[in-house]
Amino acid sequence: MTKTILITGSTDGIGRLAAERLLEQGHRVLLHGRNATKLEATAAALTRDGAAPQTFQADLSVMAEVEALAAAVREAHPKLDVLINNAGVFNVRTRTTGDGLDMTFAVNTIAPYLLTQRLLPTMSAQGRVVNLSSAAQAPVDLQALAGRKTVPEQAAYAQSKLAITAWSFGLAQTLGSDGPSVVSVNPGSLLATKMVKEAFGVPGSDVGIGADILVRAAVSEEFDGATGRYFDNDARRFGPPHPAAHDPGVVKSIIEGVEASLTAVGTPLG
């Protein structure tokens, strides 16, 4: 069955390769990117038999643009089957967004939360939300999440990844069987992505490792009934994330922190 799949950050790395593989399987893939020129070049490169993937441009560090992205997707596709929140940052030139949020938390945690909430009405109980986590997870400093404190880049990245893993678990519990499955995935450590090369200066492992698990998480039977679970692709299995990611009090505080941040920048969920 052909599925409609939105992949954020699909002009580079595992997002682009996953898009290519899903297109080859016959799915309708919606590409997202921050840079319009790069986005159109990616669409042209992935065009097959004259059919180009649809593109959506937005800067995920700007919550108003996330809102606009969600609105554009909803208008074009009243039914969305899969959302893959793949876009993420590690090294950033500017640590604070124009809205006053921490750049890493904004892109890696808050934007995916907002986009997911806005697109949930388009998704059925058979749909899937796939959130990119990481082997690097660390307890979240709520002041940093709110943009009131700056922590080192590596710490912000690890905290943002625990935060998205935690709210994935919380959202899965809230939706239950009434909404799409929500899973978090560590695609693999030190893959040969632009982010890894810039952050660590190493060539990295085959990005196909990460693309493969995104494709499986999006459409394979292996992920049927996996809502609320964490897949560790380093271990090649479902497993436990950082213990804090499933702590009810931590999950609640992170979701409240994300929603408070959205309210503070003028994009409340209500």
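Small disclaimer: the values here were computed from a predicted structure and weren't measured.
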* To do: Quick one: sort the Y113 and W167 rings into parallel, tilted or perpendicular, breaks at 30° and 60°.
  => perpendicular

* **Student check: side-chain heavy atoms of L142 and S253 closer than 4.5 Å** => yes

* **Gap separating the CZ atom of R216 from the CD atom of E221, nearest 0.5 angstrom** => 13.0 Å

* To do: Could you tell me the separation between the CG atom of L22 and the CD atom of Q25, rounded to the nearest 0.5 Å?
  => 5.5 Å

* Between T104 and E153, does any side-chain donor sit less than 3.5 Å from a side-chain acceptor? -> no

* Using atom types as modelled and distance alone, determine if a side-chain donor or acceptor of T97 lies under 3.5 Å from a backbone N or O of M103. => no

* Has the side chain of E65 got a donor or acceptor atom that lies under 3.5 Å from a matching backbone atom of D59? -> yes

* **Distance-minimising heavy-atom pair for L60 and M63** => O-CE, 3.3 Å

* Asked: Within a strict 4.5 Å, meaning less than it, do heavy atoms of the F223 and S181 side chains meet?
  -> no

* Would you say the side chain of L171 lies within less than 4.5 Å of the side chain of L120, judging by non-hydrogen atoms? -> yes

* To do: Give the minimum heavy-atom separation between Q159 and V140, together with the two atoms involved.
  => O-CG2, 3.4 Å

* Under 3.5 Å: donor-acceptor pair, side chain of D81, backbone of T4 -> yes

* **Under 3.5 Å donor-acceptor, Q57 side chain and R34 backbone** => yes

* Going through the distances and angles, do R128 and V182 end up as a side-chain contact (heavy atoms from CB on, under 4.5 Å)? -> CA-CA 6 Å; R128 294 182 184 178; V182 185; over 6 Å; no

* To do: Could you state whether L69 and V265 fall into the same hydrophobic cluster, counting links through intermediate Ile, Leu, Val, Met, Phe, Trp or Tyr residues with side-chain heavy atoms under 4.5 angstrom apart?
  => yes

* At what distance, to the nearest 0.5 angstrom, does CG of L30 lie from CD of Q54? -> 6.0 Å

* Between A18 and V215, what is the shortest heavy-atom contact and its length? -> O-CG2, 4.0 Å

* To do: First locate atom CD1 of I84, then atom CG of L214, and finally report the distance between them rounded to the nearest 0.5 Å.
  => 5.5 Å

* Pairwise side-chain contact, N186 with F231, heavy-atom cut-off 4.5 Å (strictly under) -> no

* Under-4.0 Å salt bridge between D232 and R237 -> no

* Steps toward salt bridge (charged side-chain N to carboxylate O under 4.0 Å, His left out) verdict (R48, E20) -> CA-CA 10 Å; R48 299 290 185 272; E20 183 175 3; 3.6 Å; yes

* Does one hydrophobic cluster hold both V89 and V62, with members joined at side-chain heavy-atom distances below 4.5 Å? -> no

* To do: Please name the pair of heavy atoms, one in H242 and one in P139, separated by the smallest distance, quoted to 0.1 Å.
  => NE2-CD, 3.7 Å

* **Heavy-atom check, side chain of L162 versus side chain of P241, under 4.5 Å** => no

* To do: Report the C-alpha distance between V219 and I5 in whole Å, list the side-chain angles of each, state the deciding distance to 0.1 Å, and finish with yes or no for side-chain contact (heavy atoms from CB on, under 4.5 Å).
  => CA-CA 10 Å; V219 299; I5 303 169; 4.0 Å; yes

* Are N35 and T11 close enough that some pair of their side-chain heavy atoms sits under 4.5 Å apart? -> no

* Derivation and outcome, side-chain contact (heavy atoms from CB on, under 4.5 Å), residues N131 and T165 -> CA-CA 7 Å; N131 287 331; T165 306; over 6 Å; no

* Structure fact -> Closest heavy-atom pair, P53 versus T47, reported as atoms and distance to 0.1 Å, is CD-OG1, 4.0 Å

* Asked: Under 3.5 Å, side chain of H32 to main-chain N/O of A58, donor-acceptor pair present?
  -> yes

* Asked: Rounded to the nearest 0.5 Å, how far apart are NZ of K252 and CD1 of I254?
  -> 12.5 Å

* Derivation and outcome, side-chain contact (heavy atoms from CB on, under 4.5 Å), residues L101 and T96 -> CA-CA 6 Å; L101 299 173; T96 305; over 6 Å; no

* Structure fact -> By side-chain hydrogen bond (donor to acceptor under 3.5 Å, both in side chains), R95 pairs with (sequence neighbours left out) D102

* Report yes or no: does S10 contribute a side-chain atom to a donor-acceptor pair with the main-chain N or O of I7 at less than 3.5 Å? => yes

* To do: Using modelled atom types only, decide if a donor and an acceptor are shared between the side chain of Q143 and the backbone of R148 within a distance under 3.5 Å.
  => no

* Asked: Does N233 reach the main-chain N or O of I209 with its side chain, forming a donor-acceptor pair under 3.5 Å?
  -> yes

* **Cluster check Y230, V183: I/L/V/M/F/W/Y, side chain < 4.5 angstrom** => no

* Side-chain heavy atoms of V258 within contact of L262, under 4.5 Å -> yes

* Geometric class of the F90/Y157 ring pair [parallel <30°, tilted 30-60°, perpendicular >60°] -> tilted

* Please test T8 against N86 for side-chain hydrogen bond (donor to acceptor under 3.5 Å, both in side chains), starting from the C-alpha separation and ending with a verdict. => CA-CA 5 Å; T8 66; N86 166 72; 5.4 Å; no

* Spacing of L114 atom CG and S261 atom OG [to the nearest 0.5 Å] -> 11.5 Å

* Are the side chain of T267 and the backbone of T263 linked by a donor-acceptor contact shorter than 3.5 Å? -> no

* To do: Look only at the side chain of H27 and the backbone of K3, and say whether a donor-acceptor pair between them is shorter than 3.5 Å.
  => yes

* Structure fact -> For P112 and V107 the tightest heavy-atom approach is CD-O, 3.2 Å

* Heavy-atom distance under 4.5 Å between the side chains of H246 and P240, does that happen here? -> no

* Any side-chain donor-acceptor pair under 3.5 Å between N85 and T116? -> yes

